[in-house]
Number of protein chains: 2
Amino acid sequence: MTRRVRVGINGYGVIGKRVADAVTLQDDMDLVGVADVVHDYRIRVAVERGYPVFAADPSLRVEMEAAGIPLAGTLDDLLRQAEIIVDCTPKRVGAQNRERYRAAGVKAVWQGGEAHDVAGYSFVAQVNYAGAVNRDSARVVSCNTTAISRVMGALHARGWVKRVRAVLFRRGTDPWESHINGMINTVVPETKVPSHQGPDAKTVIPDLDITTLAGAGSHNLSHIHFAMVETTRPVALDELRDALWDAPRIAFVRASDGLVALNSVIELMRDLGRSRGDMWEVAVWEDALAVDDREIYLTYQVHNEAIAIPETIDCIRALTGLEPDASRSIAKTDRALGITKAFLPTTTTPIPHMAGPDVRHPALERVVTRHAELRETGSKRAEEPEE
Amino acid sequence: MTRRVRVGINGYGVIGKRVADAVTLQDDMDLVGVADVVHDYRIRVAVERGYPVFAADPSLRVEMEAAGIPLAGTLDDLLRQAEIIVDCTPKRVGAQNRERYRAAGVKAVWQGGEAHDVAGYSFVAQVNYAGAVNRDSARVVSCNTTAISRVMGALHARGWVKRVRAVLFRRGTDPWESHINGMINTVVPETKVPSHQGPDAKTVIPDLDITTLAGAGSHNLSHIHFAMVETTRPVALDELRDALWDAPRIAFVRASDGLVALNSVIELMRDLGRSRGDMWEVAVWEDALAVDDREIYLTYQVHNEAIAIPETIDCIRALTGLEPDASRSIAKTDRALGITKAFLPTTTTPIPHMAGPDVRHPALERVVTRHAELRETGSKRAEEPEE
């Protein structure tokens with residue numbers, strides 16, 4: 001019988017609530033419960049879903065119980081019952097919990113709001129899973145860094161990357177708090193140059209030469225990156241497409257399919273029936289891919305709320321030693337969550353700038369064939385052997 | 001006595017109405033009138049300002065007059081009275097007027113919506129004024145291309161530019177038509193890669209190695225560019241600041257002065273009493289300037305409605321031979337419009353990342369000194385000799 005890991009979650013916010021749902025979808029994990037400090041609608045959803053709720057601060061017990069939140073105990077109780085804790089508390093609060101987790105003898109997963117040093121290991125499953133196996137803790141990097149690591153990691157693994165230059169256009173705020181900071185009709189550039197995401201990506205891929213600039217816009221539906229990758233040799237468009245196709249958790253979208261903007265991609269996620277309209281994959285615009293003799297150009301969407309959730313699940317498996325092999329864990333997570341390489345496998349429209357009206361590009365032909373295979377077999381990863 | 005040029009404007013839209021106002025502010029130009037096809041509030045403003053109005057299409061005379069627009073004639077009448085016509089009709093309509101202008105024997109200025117070939121000469125005053133002198137026509141390039149040409153031109157003139165990579169984050173629509181296409185809560189990436197602005201900049205600076213990517217955001221207050229400039233040698237921050245300071249029509253803004261976003265800069269333009277809140281200068285974030293051994297990083301705001309207006313005035317002087325010298329025309333235009341190198345000359349806060357709390361960076365010291373000089377003398381250009 002498969003060993004099962006007891007997972008606790010500290011912080012039931014944007015990330016914590018998604019991690020909780022994702023944990024319950026795994027057949028090798030049990031959700032011990034979630035700890036938080038609020039007693040409003042946010043934690044009531046956890047109660048509704050039957051998740052044991054713990055008071056993150058004992059002094060809040062009375063208040064939470066008075067509000068009708070049945071409590072299973074305090075954070076200390078949660079730490080006694082869990083083998084591993086996923087810290088989803090606000091940025092920089094997490095690091096303050098380090099000694100507490102250590103004293104309780106639980107392993108810990110931090111999120112990207114914390115510094116690399118909190119765990120000494122920054123994690124993106126498809127890049128450096130192996131190094132996290134049986135560690136005491138690791139940090140799942142931020143949404144932007146996760147996306148950079150997946151996309152640039154796929155190119156870097158092929159030895160193509162000389163230098164990455166990317167501009168990150170962040171969402172102004174998250175949907176749930178758009179009434180507080182509902183930035184409208186402006187752009188706020190970051191004056192910290194380079195922005196932190198470039199250096200952060202090096203905590204995952206140390207020899208990646210990357211510089212990022214960033215700004216925030218008047219939208220709350222995810223981030224978008226515009227990247228120019230100087231290459232070590234000319235890379236053909238079909239090679240590029242293959243490299244992205246072969247990497248997990250990167251999926252293509254196409255403006256020619258009506259997916260012309262961040263909101264149309266999110267609408268597709270809603271139409272696909274995804275929990276909260278989440279997109280765990282990096283969505284790369286296939287018809288905005290371009291290459292020349294020196295560079296690769298990529299435009300991709302990063303769903304900040306959801307992209308790091310599968311990484312968190314994999315990180316739990318790595319730290320607990322539940323699964324030593326990255327690709328097996330990734331396949332298992334992806335199957336459980338419904339992560340795909342092809343949002344719309346029936347889409348076969350030729351890409352205008354890649355071929356004439358009657359000529360289908362060979363790479364597209366391969367993609368179409370794979371789409372057909374996927375329709376037969378479900379997800380690509382689901383075909384892989386598993387324990 | 002100074003010779004005066006008779007200027008006609010075809011199209012009284014976003015650009016045309018600004019060109020009209022700017023022409024009336026010059027002491028060497030007379031506005032013969034403006035032609036348009038509408039009869040609503042837009043053209044009524046021209047009537048209100050006392051500009052002679054011409055029907056761009058004779059068939060619209062009755063309709064326009066019935067709406068209470070007093071007409072001075074038709075476009076043909078305007079062409080008979082003007083020596084030079086500024087074509088501010090919608091994109092690609094302008095090119096259709098070429099033969100008509102030629103037949104009427106008037107010189108023509110096109111805007112950046114038209115292709116380079118419409119005039120065979122793409123114009124940015126501080127880059128290539130001389131080549132336009134006494135030509136029959138020229139094309140004032142688009143807002144984005146004008147900004148790129150000013151900023152990159154300043155660096156290129158110093159031999160620093162090896163290669164420019166820039167991401168342009170465009171406004172979703174113009175303020176006046178935000179009810180029609182009031183893009184909200186999204187980002188629309190351009191799938192044309194590279195975007196057209198890079199190649200367009202080469203029509204002004206042929207040997208500029210530049211690639212641009214672009215997208216549009218949920219805001220209507222101007223564009224923002226994030227640029228990474230690979231340099232031929234390491235460039236120091238104070239050299240960079242000096243190069244930008246020395247170029248016309250580039251002004252610094254600083255987040256440390258509260259100018260943290262596109263809307264705050266526009267609010268400053270409104271506070272400064274500028275016509276329509278316009279910003280003719282490229283606003284470069286001084287505290288987001290950065291350099292390393294290989295590159296220069298710049299973030300700047302481009303007021304799409306106004307930035308090409310001074311270029312249009314200069315272009316009129318060049319084509320008509322009114323002023324053969326670029327810097328004299330630029331100085332004259334800038335003085336007439338109120339273009340400045342220093343929006344807030346009283347601002348002297350040290351830039352945090354450039355010096356310690358008690359140490360003022362030498363370059364900043366120079367800027368402060370210049371600011372003080374400016375307060376004494378008005379604009380820098382105003383000091384220059386003039387005919």
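Residue numbers begin at 1 in each chain, while the letters A, B, ... track the order of the sequences. Values below: all heavy atoms of this structure, side chains included; hydrogens, waters and symmetry mates excluded.
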J.: So if I apply the side-chain contact (heavy atoms from CB on, under 4.5 Å) rule between A:Val253 and each of A:Val260, A:Asp287, A:Leu259, A:Leu344, which one comes out positive?
T.: A:Leu259
J.: Could you list which of residues 198-212 of chain B have a heavy atom closer than 4.5 Å to any heavy atom of chain A, in residue-number order?
T.: B:Asp209, B:Thr211, B:Thr212
J.: Flag the pair A:Arg165 and A:Glu230 as a salt bridge only when some basic side-chain nitrogen lies within less than 4.0 angstrom of an acidic carboxylate oxygen.
T.: yes
J.: Output all residues satisfying side-chain hydrogen bond (donor to acceptor under 3.5 Å, both in side chains) with A:Arg92, sequence neighbours left out; order by chain, then residue number.
T.: none
J.: In terms of heavy-atom pairs under 4.5 Å, which option from B:Pro194, B:Gly215, B:Gly217, B:Pro189 contacts chain A the most?
T.: B:Pro189
J.: Go through the steps to decide whether A:Ser142 and A:Thr145 satisfy the test side chain to side chain donor-acceptor pair (under 3.5 Å), and finish with yes or no.
T.: CA-CA 5 Å; A:Ser142 72; A:Thr145 306; 3.0 Å; yes
J.: Salt bridge check: are A:Arg274 and A:Glu267 linked by an N-O gap of less than 4.0 Å?
T.: no
J.: Heavy-atom cut-off 4.5 Å, strictly under: side chain, backbone, both or neither for B:Ala214 against chain A?
T.: backbone
J.: What residue in A:Ala255, A:Gly172, A:Ala261 has the most heavy-atom pairs under 4.5 Å with chain B?
T.: A:Ala261
J.: Do A:Met183 and A:Thr173 have side-chain heavy atoms sitting under 4.5 Å apart?
T.: no
J.: Using 4.0 Å as the upper bound for N to carboxylate O, is an ion pair formed by B:Glu295 and B:Arg163?
T.: no
J.: Top residue by heavy-atom pair count (under 4.5 Å) with chain B, among A:Val187, A:Asp292, A:Val167?
T.: A:Val187
J.: Any side-chain donor-acceptor pair under 3.5 Å between B:Asn185 and A:Asn263?
T.: no
J.: Under the side-chain contact (heavy atoms from CB on, under 4.5 Å) test against A:Ile296, which residue among A:Leu237, A:Val235, A:Leu289, A:Val164 passes?
T.: A:Val235
J.: For B:Arg150, enumerate each residue passing the salt bridge (Lys or Arg N to Asp or Glu O under 4.0 Å) test, keeping only those at least two apart in sequence or located in another chain.
T.: B:Glu311
J.: Output the option from B:Ile184, B:Thr299, B:Val193, B:Ile266 having the highest count of non-hydrogen pairs under 4.5 Å with chain A.
T.: B:Val193
J.: Hey, are the side chains of A:Ile307 and A:Met279 touching, using non-hydrogen atoms and a 4.5 Å cut-off?
T.: no
J.: Are B:Glu305 and B:Arg276 close enough for a salt bridge, meaning some N to O gap below 4.0 Å?
T.: no
J.: Which members of residues 219-227 of chain B, sorted by number, sit under 4.5 angstrom from chain A on a heavy-atom basis?
T.: B:His219, B:Asn220, B:Leu221, B:Ile224, B:Phe226, B:Ala227
J.: Select one option (side chain, backbone, both, neither) describing which atoms of A:Ala216 are under 4.5 Å from chain B's heavy atoms.
T.: neither
J.: Side chain, backbone, both or neither: which part of B:Glu190 has an atom under 4.5 Å from a heavy atom of chain A?
T.: backbone
J.: Is B:Glu177 salt-bridged to B:Arg171, cutoff N-O under 4.0 Å?
T.: no
